Amino acid sequence: MNSPYQYHYHAFDVMHACCLLIPKCISLLVAALGHDLGHDGFNNAFYSATCSKVAITYNGVSILENYSAAYLF
């Protein structure tokens, strides 16, 4: 699935908006940068329904959120 905005541009856009609005909060900037990191255009329901490898890794709980956090750190 090719959704270029959902990747790097979207992460940068959110991070940039947060940087302009709240320049002194570094944790917000890190969260904005990583909030969609590594997503490929599918949602948690899709991963759960297909029993994908990533769903199994995170036990079907907040799959993409856990994936993004692990990918960032």
Side-chain angles (χ1 to χ4, degrees):
M1 180 176 242
N2 191 4
S3 177
Y5 181 74
Q6 188 60 27
Y7 297 111
H8 301 91
Y9 298 115
H10 176 61
F12 177 78
D13 185 36
V14 172
M15 186 185 77
H16 186 248
C18 290
C19 183
L20 293 175
L21 296 172
I22 306 173
K24 296 186 182 204
C25 186
I26 191 71
S27 60
L28 179 63
L29 295 178
V30 172
L33 176 64
H35 86 279
D36 273 344
L37 201 59
H39 290 202
D40 58 1
F42 298 107
N43 60 17
N44 287 335
F46 173 81
Y47 287 117
S48 291
T50 59
C51 295
S52 69
K53 202 179 225 184
V54 71
I56 293 168
T57 300
Y58 298 110
N59 296 320
V61 178
S62 300
I63 301 163
L64 292 174
E65 292 78 6
N66 286 316
Y67 176 79
S68 292
Y71 192 89
L72 180 63
F73 295 106

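Here the structure is a predicted model, which is why all the values come from computation and not from measurement.
- A distance of 9.0 Å separates CG of Asn66 from CG of Asn44, quoted to the nearest 0.5 Å.
- Note that the CD1 atom of Ile63 and the CZ atom of Phe42 stand 13.0 Å from one another [nearest 0.5 Å].
- Closest of all the heavy-atom pairs between Gly34 and Ser68 is O-CB, 3.3 Å.
- Glu65 CD to Leu37 CG: the interatomic distance, rounded to the nearest 0.5 Å, is 13.0 Å.
- Looking at residues two or more places apart in sequence or on another chain, you find a side-chain hydrogen bond (donor to acceptor under 3.5 Å, both in side chains) between Tyr47 and Asp40.
- Side-chain atoms of Phe73 and Val30, non-hydrogen and from C-beta on, do get closer than 4.5 Å to each other.
- The structure places OG of Ser48 at 13.5 Å from OH of Tyr58, a figure rounded to the nearest 0.5 Å.
- Listed by chain and number, the residues in a ring pair (Phe, Tyr, Trp, His ring centres under 6.0 Å) with Tyr67 are Tyr71 (sequence neighbours excluded).
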